[in-house]
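To keep things clear, I will list the structure first and then write my remarks on it.
Bear in mind the structure is a predicted one, so any value in this text is a computation, not a measurement.
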Amino acid sequence: MTIDFDTEFFIQNRQRLRTLFAGTAPIVLTANGIMQRNSDVAYPFRQDSNFWYLTGIDDPDILLVMDKDKDYLIIPDRDDVMQRFEGEYDIAKLSQKSGISTIVTEKAGWKQLSAGLRKVQHIATLVAPQPYIQNHSIYTNPARARLQERLKETKAGIEFIDLRQHLTQQRAIKQPQELQAIQTAIDLTSGAIQYVQQKRDSYKYEYEIEADISSVFKKAGSDHAFSPIVASGASACTIHHVANSNPIDPKGLLVLDIGAEISNYAADITRTIAVGAPTNRQQAIFGAVLDVQKYALGELKPGVLMKEYENKIEHYMGEKLRELGLITIIETSAVRKYYPHATSHFLGLDTHDVGEYDRPLSAGMVVTCEPGIYIPEEGIGIRIEDDILITEAGNQNLSKALSVQL
């Protein structure tokens, strides 16, 4: 299951980037590289979202060069052994998908690029991230850093202009084809959750549920946009519980936080399901989370600043936590003990998509809305998450068709 993004989509994206950048420096961007899993085994390849957005290409290590009004691709060399294992580049397919007619080998391409660099002092690119992102405990793909080092070796003293802000601004407003891909991913995700809801009595372990979700996605030609969260009972108090290895608590609640990926675009939906008959306490907490989500949905509209929005949700959540007897005073430290994450994030090519949290929301943006309450001392974690399109009139819940009930 894919959405056919036509060539014009990528051509227009490159043209809009030129307009936003408004500079004369050549633009050079790299595809992601393949990452080692262990020994000579690689992790499944996922393209750099910005590179895909501008080219539609899903192959690794290719360079995009945009120099004035000319675009060309540089493809890496593959020896005979590599070609036997990985195949040859389909030049016609790369050209057809990207709308770029000039595709050159690594040697010829770098010769052409080097000649152009002699005339300039700046290169516009996506500046490499730190090798290790501390707050997420993840290592980053080294492709951008590798490109920067080679550019420095090619032209001493070259200076980089960072295009991240330009592409963030551009990608934040979703085009019709992007919305179609997101909606398709949402519909598939909703179908997987409904399937699990129907079979809830048959599961004994979290991983059995993950297997069924994966099967639904695979049968549709899709895969997970992120590691699925299947959290039973007290496991749901760990926000990113991805081990999915615990037994199903027959008296607990089940949190499913999953998202299919369609043509690189993500869904991100969470539902909390009662395995047995929910207790009065579970129902009360679920009702509080649902009330907070309804309040938050009323606040999502054009012109809203996410920081101010989050402050409002925090206060409203505080009122609910006080009603539940969990806190006595509404202050940040008290609220965040039971609600430690933000209510919304941007959604698109990345599950946590690019977006500027200090700029007002605009029509065409897609965000999540996912309040939750987590009470480790009671072994209860509840989260409800929907995917929301900001419209001129307010917002549209793209996952509304999936019921919200214990």
How many angstroms lie between [atom1] in [X] and [atom2] in [Y], if you round to the nearest 0.5 Å?
| X | Y | atom1 | atom2 | result |
| --- | --- | --- | --- | --- |
| Ile269 | Leu256 | CD1 | CG | 11.0 Å |
| Lys155 | Lys119 | NZ | NZ | 11.0 Å |
| Asn13 | Gln170 | CG | CD | 5.5 Å |
| Gln12 | Asp6 | CD | CG | 9.5 Å |
| Arg144 | Arg164 | CZ | CZ | 7.5 Å |
| Ser101 | Ile91 | OG | CD1 | 12.0 Å |

Using a 3.5 Å distance criterion without hydrogens, assess whether the side chain of [X] forms a donor-acceptor pair with backbone atoms of [Y].
| X | Y | result |
| --- | --- | --- |
| Arg200 | Gln197 | yes |
| Thr351 | Phe226 | no |
| Thr55 | Ser98 | no |
| Ser344 | Thr368 | yes |
| Ser95 | Ile100 | yes |
| Lys337 | Thr332 | no |
| Arg322 | Ile327 | no |
| Ser362 | Pro302 | no |
| Thr238 | His241 | no |
| Gln293 | Cys369 | yes |

[X] versus [Y]: any side-chain heavy-atom pair under 4.5 Å?
| X | Y | value |
| --- | --- | --- |
| Phe51 | Ile62 | yes |
| Lys70 | Thr102 | no |
| Phe10 | Tyr53 | no |
| Leu163 | Thr125 | no |
| Val255 | Thr270 | yes |
| His224 | Glu261 | no |
| Leu113 | Val28 | yes |
| Glu319 | Ile330 | yes |

Could you tell me if [Y] and [X] have a donor-acceptor pair between their side chains, going purely by distance under 3.5 Å?
| X | Y | value |
| --- | --- | --- |
| Tyr207 | Asn246 | no |
| His345 | Asp268 | yes |
| Asp58 | Gln47 | no |
| Ser399 | Asn397 | yes |
| Thr343 | Glu310 | yes |

Please tabulate, one pair per line, all N/O donor-acceptor pairs under 3.5 Å involving side-chain atoms of residues 32-44, not counting sequence neighbours.
unit_1: Asn32; atom_1: ND2; unit_2: Arg46; atom_2: O; d: 3.0
unit_1: Gln36; atom_1: NE2; unit_2: Ser39; atom_2: O; d: 2.8

Discussion item. Suppose we screen for ring pair (Phe, Tyr, Trp, His ring centres under 6.0 Å). Which residues come up paired with Trp110, at least two apart in sequence or across chains?
Written reply: none
Worksheet, complete the sentence: Sorted by chain and number, sequence neighbours left out, ring pair (Phe, Tyr, Trp, His ring centres under 6.0 Å) with Tyr139 holds for Tyr132
Item to complete: Can you sort out the partners of Lys218 under side-chain hydrogen bond (donor to acceptor under 3.5 Å, both in side chains), two or more places apart, ordered by chain and number?
Response: Asp223
Fill in: Which residues share a side-chain hydrogen bond (donor to acceptor under 3.5 Å, both in side chains) with Ser190, sequence neighbours left out
none
What pairs meet the ring pair (Phe, Tyr, Trp, His ring centres under 6.0 Å) rule with one or both residues in [range], with sequence neighbours excluded?
| range | answer |
| --- | --- |
| residues 357-377 | His341-Tyr374, Phe346-Tyr357 |
| residues 144-198 | Phe21-His166 |
| residues 266-298 | Tyr295-Tyr316 |

Any salt bridge between [X] and [Y], counting N to O under 4.0 Å?
| X | Y | answer |
| --- | --- | --- |
| Asp386 | Arg271 | yes |
| Lys174 | Asp353 | yes |
| Asp350 | Arg171 | yes |

Discussion item. Does anything in residues 241-252 form a salt bridge (charged side-chain N to carboxylate O under 4.0 Å, His left out)? List the pairs, not counting sequence neighbours.
Written reply: none
Practice prompt. Scan residues 285-305 for pairs that pass salt bridge (charged side-chain N to carboxylate O under 4.0 Å, His left out), counting only residues two or more places apart or in two chains.
Written response: Asp291-Lys320, Glu299-Lys312
Discussion item. Asp61: which residues meet the side chain to side chain contact (heavy atoms under 4.5 Å, CB included) condition with it, sequence neighbours left out?
Written reply: Pro76, Arg146
Practice prompt. Using the six-membered ring of Tyr339, assess whether NZ or CZ of Arg336 lies under 6.0 Å from its centre and within 45 degrees of the ring axis.
Written response: yes
Item to complete: Return yes when atom OH of Tyr205 has more than 12 non-hydrogen atoms of other residues, nucleotides or ligands closer than 6.0 Å, and no otherwise.
Response: no
Item to complete: Please check if atom CD in Glu356 has more than 12 non-hydrogen atoms from other residues, nucleotides or ligands closer than 6.0 Å.
Response: yes
Item to complete: Quick one: do Asp71 and Arg18 satisfy salt bridge (charged side-chain N to carboxylate O under 4.0 Å, His left out)? Show the steps, please.
Response: CA-CA 11 Å; Asp71 299 342; Arg18 279 189 171 93; 2.3 Å; yes
Item to complete: Verify salt bridge (charged side-chain N to carboxylate O under 4.0 Å, His left out) between Arg150 and Glu106, making sure each step is shown before the conclusion.
Response: CA-CA 12 Å; Arg150 188 160 183 183; Glu106 185 166 359; 2.7 Å; yes
Worksheet entry | Of Ile258, Asn244, Ile273, Val196, the residue whose pairing with Ile209 passes side-chain contact (heavy atoms from CB on, under 4.5 Å) | Val196
Practice prompt. Go through the steps to decide whether Tyr203 and Asp212 satisfy the test side-chain hydrogen bond (donor to acceptor under 3.5 Å, both in side chains), and finish with yes or no.
Written response: CA-CA 10 Å; Tyr203 298 113; Asp212 271 355; 2.7 Å; yes
Identify every side-chain donor-acceptor pair in residues 176-185 under 3.5 Å, counting partners at least two apart or on other chains, and give the distances.
unit_1: Gln177; atom_1: NE2; unit_2: Asp4; atom_2: O; d: 3.4
unit_1: Glu178; atom_1: OE1; unit_2: Gln175; atom_2: N; d: 2.8
unit_1: Glu178; atom_1: OE2; unit_2: Tyr265; atom_2: OH; d: 2.7
unit_1: Gln183; atom_1: NE2; unit_2: Asp187; atom_2: OD1; d: 2.9
unit_1: Gln183; atom_1: NE2; unit_2: Leu398; atom_2: O; d: 3.0
unit_1: Thr184; atom_1: OG1; unit_2: Gln180; atom_2: O; d: 2.8

